[in-house]
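Below, chains carry the letters A, B, ... as their sequence lines are ordered, and counting in each starts from 1.
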Amino acid sequence: MPELPEVEIARRNLVRWLDAHRVVKAEADDTRIFRGAERAAFARLKGRVESLERRGKYLLFTFEAGRGLLAHLGMTGKFVRRTQEQVQPHSRARFHLEDGAVLHFADPRLFGRMEPVPAAQLRALAAVQSLGRDPLVDGLTGPQLAEAVGPSKQALKVALMDQGRLAGLGNIHAAEALFRAGLHPARVPGSLTPEEWKRLARAIHATIAFGLKEQEGEEPVYLEDRGAVNLFRVYGRAGEPCSKCKAPVESFTQAGRTTHVCPQCQPLGAQRPGPKRTPGR
DNA sequence: TGACCCCTGGCC
DNA sequence: GGCCAGGGGTCA
């Protein structure tokens with residue numbers, strides 16, 4: 001699914017496409033990607049895109065004339081560039097460019113979201129305001145991670161995916177970062193040492209960098225959609241031997257999501273993952 | 001704070 | 001043919 005690296009790749013592609021050619025026409029189908037937002041306002045987006053920012057998994061478009069768009073790819077959304085003749089399955093919204101190309105927002109499951117708003121209001125939207133630190137945009141050190149995630153009473157992985165604490169990590173990259181850091185997803189955030197926070201911050205950066213490197217290119221193919229090729233270290237590998245120690249990778253459910261973990265490389269240790277335990281530090 | 005919901009392609 | 005996947009919003 002689109003998490004921080006996938007959305008960042010989408011942003012880079014869009015910048016490249018939209019820098020070169022203005023939008024001459026925007027149109028969108030009547031689908032639930034607009035939720036409560038005004039679909040007619042989407043059709044008024046045109047001209048040059050002055051800036052395109054990413055915060056967590058959100059894209060913030062600023063068009064000329066003060067028009068703006070907040071976009072979220074949901075779980076299956078992607079932006080692709082096609083010719084006018086090419087048919088794009090599940091196309092929900094389109095930008096027609098002056099060179100004749102068409103940028104489609106394609107989203108089979110309709111979990112994505114488009115919200116046209118005046119550009120001046122983009123940053124004030126609740127969805128954007130409530131986002132925590134973005135590792136790529138804001139940087140992320142061990143102490144900063146500890147400050148953002150440490151106070152959470154939720155399991156470590158659940159807290160990492162809390163967009164209000166840290167913006168951009170989803171189920172896959174959170175699991176991968178924890179594996180790289182050798183930390184169990186069920187650890188209590190308050191129990192991590194400064195050294196562990198540092199390791200985790202580094203692991204998050206490494207996971208994001210890997211995702212960016214693997215997915216750079218014109219056509220988005222999400223890592224988990226690459227057929228038999230699983231490039232992840234633990235995600236989707238339940239029952240397989242761990243790439244480091246050969247112990248079988250395990251999976252369990254946390255907050256309704258599947259978590260993958262190597263019990264050897266990511267020991268839970270002596271800590272009781274039980275509730276209410278005042279964080280030691 | 002957690003359970004549920006949306007939605008459909010892909011896989012068993 | 002049925003179940004699973006899950007980001008994020010909503011609700012109890």
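The nearest whole Å value for the distance from the CG atom in Leu169(A) to the C1' atom in dG6(C) is 15 Å. Between Met161(A) atom CE and dG2(B) atom P the separation is 12 Å, expressed in whole Å. With rounding to whole Å, Gln254(A) atom CD is found 15 Å from dT1(B) atom C1'. Summarising the geometry, the separation between OH on Tyr58(A) and C1' on dG8(C) is reported as 7 Å, rounded to the nearest angstrom. Atom CG in Leu73(A) sits about 14 Å away from atom C1' in dG6(C), given to the nearest Å. If you measure from atom CZ of Arg257(A) to atom C1' of dC4(B), you get 11 Å, rounded to the nearest angstrom. Nucleotide dG7(C) holds its C1' atom 14 Å from the CG atom of Leu59(A), rounded to whole Å. In this structure, Glu6(A) places its CD atom 13 Å from C1' of dG7(C), rounding to the nearest Å.
When atom types are taken as modelled, the side chain of His72(A) and the backbone of Gly74(A) share a donor-acceptor pair closer than 3.5 angstrom.
Judged by the 6.0 Å distance and 45° axis criteria, Arg22(A) is not positioned over the aromatic ring of Phe63(A).
Residues Leu52(A) and Leu97(A) share a single hydrophobic cluster, defined by chaining ILVMFWY side chains whose heavy atoms lie under 4.5 Å apart. Note on Leu18(A) and Leu60(A): separate hydrophobic clusters, where clusters join Ile, Leu, Val, Met, Phe, Trp and Tyr whose side-chain heavy atoms are under 4.5 Å apart, directly or indirectly.
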What nitrogen or oxygen pairs link the protein and nucleotides 3-5 of chain C at under 3.5 Å?
| unit_1 | atom_1 | unit_2 | atom_2 | d |
| --- | --- | --- | --- | --- |
| dA5(C) | OP1 | Thr258(A) | OG1 | 3.4 |
| dA5(C) | N3 | Arg109(A) | NH1 | 3.0 |

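Side-chain nitrogen and oxygen atoms of Gln163(A) include none within less than 4.0 Å of the OP1 or OP2 phosphate oxygen of dG9(C). OP1 or OP2 of dG8(C) sits under 4.0 Å from a side-chain N or O of Lys57(A). Residue His90(A) places none of its side-chain N or O atoms closer than 4.0 Å to OP1 or OP2 of dT8(B).
Counted by atom type alone, Arg257(A) and Thr253(A) present zero donor-acceptor pairs between their side chains at under 3.5 Å. No hydrogens or angles considered: nothing links the side chains of His260(A) and Glu176(A) as a donor-acceptor pair under 3.5 Å.
The aromatic ring of Phe111(A) does not sit over the base of dG8(C); the criterion of centres under 5.5 Å apart with planes under 30° is not met.
Each of dC7(B), dG8(C), dT1(B) was ranked by its minimum atom distance to the side chain of Lys153(A); first place goes to dT1(B). Side-chain proximity of Arg113(A) to the nucleotides dC5(B), dG9(C), dC7(B) is greatest for dG9(C).
Applying the side chain to side chain donor-acceptor pair (under 3.5 Å) definition to pairs two or more places apart or across chains, those involving residues 157-166 of chain A are Lys157(A)-Asn171(A), Lys157(A)-Thr259(A).
The residue among Gly256(A) and Pro108(A) whose nearest nucleotide of DNA chain B is located toward the 5' end is Gly256(A).
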